[in-house]
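For reference, the structure is listed below as structure tokens.
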Amino acid sequence: MTSVITLLTDYGLDDGYVAACHGVIAGIAPEARVIDVCHLVPSGDVRRGAAILAQTIPYLPQGIHIGAVDPSAGGARRAVAVEAGGRVFIGPDNGLLSWAVRASGGAEAAYEISNEEHFLRPVSPTFHGRDVFSPVAGRLFGGLRPSELGPEVPVGRLVSLPVPTSLLRDGSVEGEVVSVDRYGNTQLSIAAGDLHALGVRVGDTLGVWLGRRQLALPYRETFAAVPPGDLVAFADAAGLIAIAINAGDAAQRLGLPPGAHVRLSPTP
């Protein structure tokens, strides 16, 4: 039996929403250790939540993982429990769980969460994190099988976000902005290994194309390797290239939202 339940939401920390979820879990599974992954996902930003969960999941114990970034709560979207790599992911079927499921080896089985005997009653149509996902997680912790939550869902019919990709061609690598963190650092879909394949090493200068704009950025080990206010590219903790400003907001200065196209190349 797992000892861990994790929570990722966009509920923020200004209200009692997160505490309510903790309380429901504690009331059903007091022995469970609850790990808060993040509660400051920008409101309704499914892509950002998916990126955080996927990049955190390799460092979390096998357990029950709740994702509640759910702009369609109360609508037609279904709630699902997905088994992958010894873990069970619980949340809306809106793509939020898809990257973490992929990072865990892919979905092995999935079930619609529809058996209301496992919910809190009454169920608020706008707070499934408290009334559906948290009690279900607590009951799974206690031994409930995912198959008891509702009918099986073919794993190929789960909603999946497009996976960010990179493309090496003509001496450069193309990718996109995966996410922007609270510091304004822009994480790209381009891995450090892609730059290595192009012969780029730490200490070199990168050519960076942002649409029609072209920049030359230092490629360093960390943003602190350049003076405050300067732009820099570096490999972040996930092994992906990030563009940052030492003590500044790169996304704001460069106008780089998630999904923006970026091309990198070595400079002569």
Side-chain angles (χ1 to χ4, degrees), residues 8 10 12-14 36-60 69 99 103 161 163-268:
L8 175 137
D10 60 355
L13 299 174
D14 296 327
D36 294 293
V37 176
C38 181
H39 299 295
L40 298 176
V41 176
S43 180
D45 192 340
V46 173
R47 181 187 174 96
R48 176 68 178 145
I52 292 172
L53 186 58
Q55 292 173 25
T56 306
I57 202 69
Y59 307 99
L60 296 172
V69 180
W99 292 351
L161 297 180
V163 178
T165 59
S166 61
L167 177 64
L168 284 162
R169 66 178 178 185
D170 300 329
S172 65
V173 57
E174 299 178 13
E176 63 179 286
V177 176
V178 175
S179 64
V180 177
D181 69 15
R182 64 188 298 267
Y183 303 105
N185 300 329
T186 60
Q187 183 188 65
L188 309 181
S189 59
I190 298 169
D194 294 330
L195 291 185
H196 192 273
L198 293 173
V200 178
R201 302 292 184 268
V202 172
D204 291 347
T205 300
L206 277 177
V208 181
W209 281 262
L210 312 171
R212 296 183 178 179
R213 290 179 295 166
Q214 181 179 354
L215 305 172
L217 298 186
Y219 181 45
R220 302 291 185 264
E221 287 189 343
T222 174
F223 51 83
V226 299
D230 281 9
L231 285 158
V232 64
F234 66 99
D236 70 8
L240 297 173
I241 300 302
I243 298 174
I245 294 175
N246 187 6
D249 188 321
Q252 184 178 60
R253 181 188 295 186
L254 298 175
L256 284 178
H261 181 265
V262 178
R263 181 163 63 93
L264 306 179
S265 72
T267 58

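No experiment lies behind these values; they were computed from the predicted model shown.
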Carefully, step by step, assess Val232 and Asn246 under the rule side chain to side chain contact (heavy atoms under 4.5 Å, CB included).
-> CA-CA 8 Å; Val232 64; Asn246 187 6; 5.8 Å; no
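Between the Ser189 side chain and the Gly175 main chain, no donor and acceptor come within less than 3.5 Å of each other. At least one donor-acceptor pair closer than 3.5 Å links the side chain of Thr186 to the backbone N or O of Ile243.
Expressed to the nearest 0.5 Å, how far CG of Leu53 lies from CD of Gln55 amounts to 10.0 Å. For the atom pair OG of Ser265 and CD of Glu174, the computed distance is 10.5 Å after rounding to the nearest 0.5 Å. Taking CD of Gln214 as the start and OG1 of Thr267 as the end, the distance is 9.5 Å to the nearest 0.5 Å. Separating the CD1 atom in Ile57 from the CD1 atom in Ile52 is a distance of 13.0 Å, to the nearest 0.5 Å. Remark: Leu195 CG to Leu168 CG distance equals 8.5 Å, nearest 0.5 Å.
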Which side-chain N or O atoms in residues 217-227 pair as donor and acceptor under 3.5 Å with protein atoms at least two apart or in another chain?
residue, atom, partner, partner atom, Å
Arg220, NH1, Gly203, O, 3.2
Arg220, NH1, Asp204, O, 3.2
Thr222, OG1, Ala224, N, 3.4

Can you give each donor-acceptor pair under 3.5 Å made by side-chain atoms of residues 233-242, sequence neighbours left out, with the distance rounded to 0.1 Å?
residue, atom, partner, partner atom, Å
Asp236, OD1, Ala238, N, 2.9
Asp236, OD1, Gly239, N, 3.2
Asp236, OD1, Leu240, N, 3.0
Asp236, OD2, Gln187, NE2, 2.8

Ignoring hydrogens and angles, write down the donor-acceptor pairs under 3.5 Å from the side chains of residues 38-49, residues two or more places apart or on other chains.
residue, atom, partner, partner atom, Å
His39, ND1, Thr9, OG1, 2.7
His39, NE2, Asp36, OD1, 2.6
Asp45, OD1, Arg47, N, 3.4
Asp45, OD1, Arg48, N, 3.0
Arg47, NE, Val178, O, 3.1
Arg47, NH2, Glu176, OE1, 2.7
Arg47, NH2, Val177, O, 3.2
Arg48, NE, Val180, O, 3.4
Arg48, NH1, Ser179, OG, 2.8

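Within 6.0 Å of CZ in Arg213 there are more than 12 heavy atoms belonging to other residues, nucleotides or ligands.
Taking both residues in full, the closest heavy atoms of Asp194 and Ser166 are given as OD2-OG, 2.9 Å, listed atom of the first, atom of the second, then distance. Listed here is the closest heavy atom pair of Arg201 and His196: NH1-O, 3.2 Å. Of all heavy-atom pairs between Ala247 and Pro228, the closest is CB-CB, 4.5 Å.
Shown here are the salt bridge (Lys or Arg N to Asp or Glu O under 4.0 Å) partners of Arg182, two or more places apart in sequence or in another chain: there are none. The salt bridge (Lys or Arg N to Asp or Glu O under 4.0 Å) check on Arg263 picks up nothing, with sequence neighbours excluded.
By the 4.5 Å heavy-atom criterion applied to side chains, Leu60 and Val37 are counted as neighbours. At least one side-chain heavy atom of Val173 sits less than 4.5 Å from a side-chain heavy atom of Leu264.
Within the structure, the side-chain hydrogen bond (donor to acceptor under 3.5 Å, both in side chains) test picks out no pair touching residues 247-258 (sequence neighbours left out).
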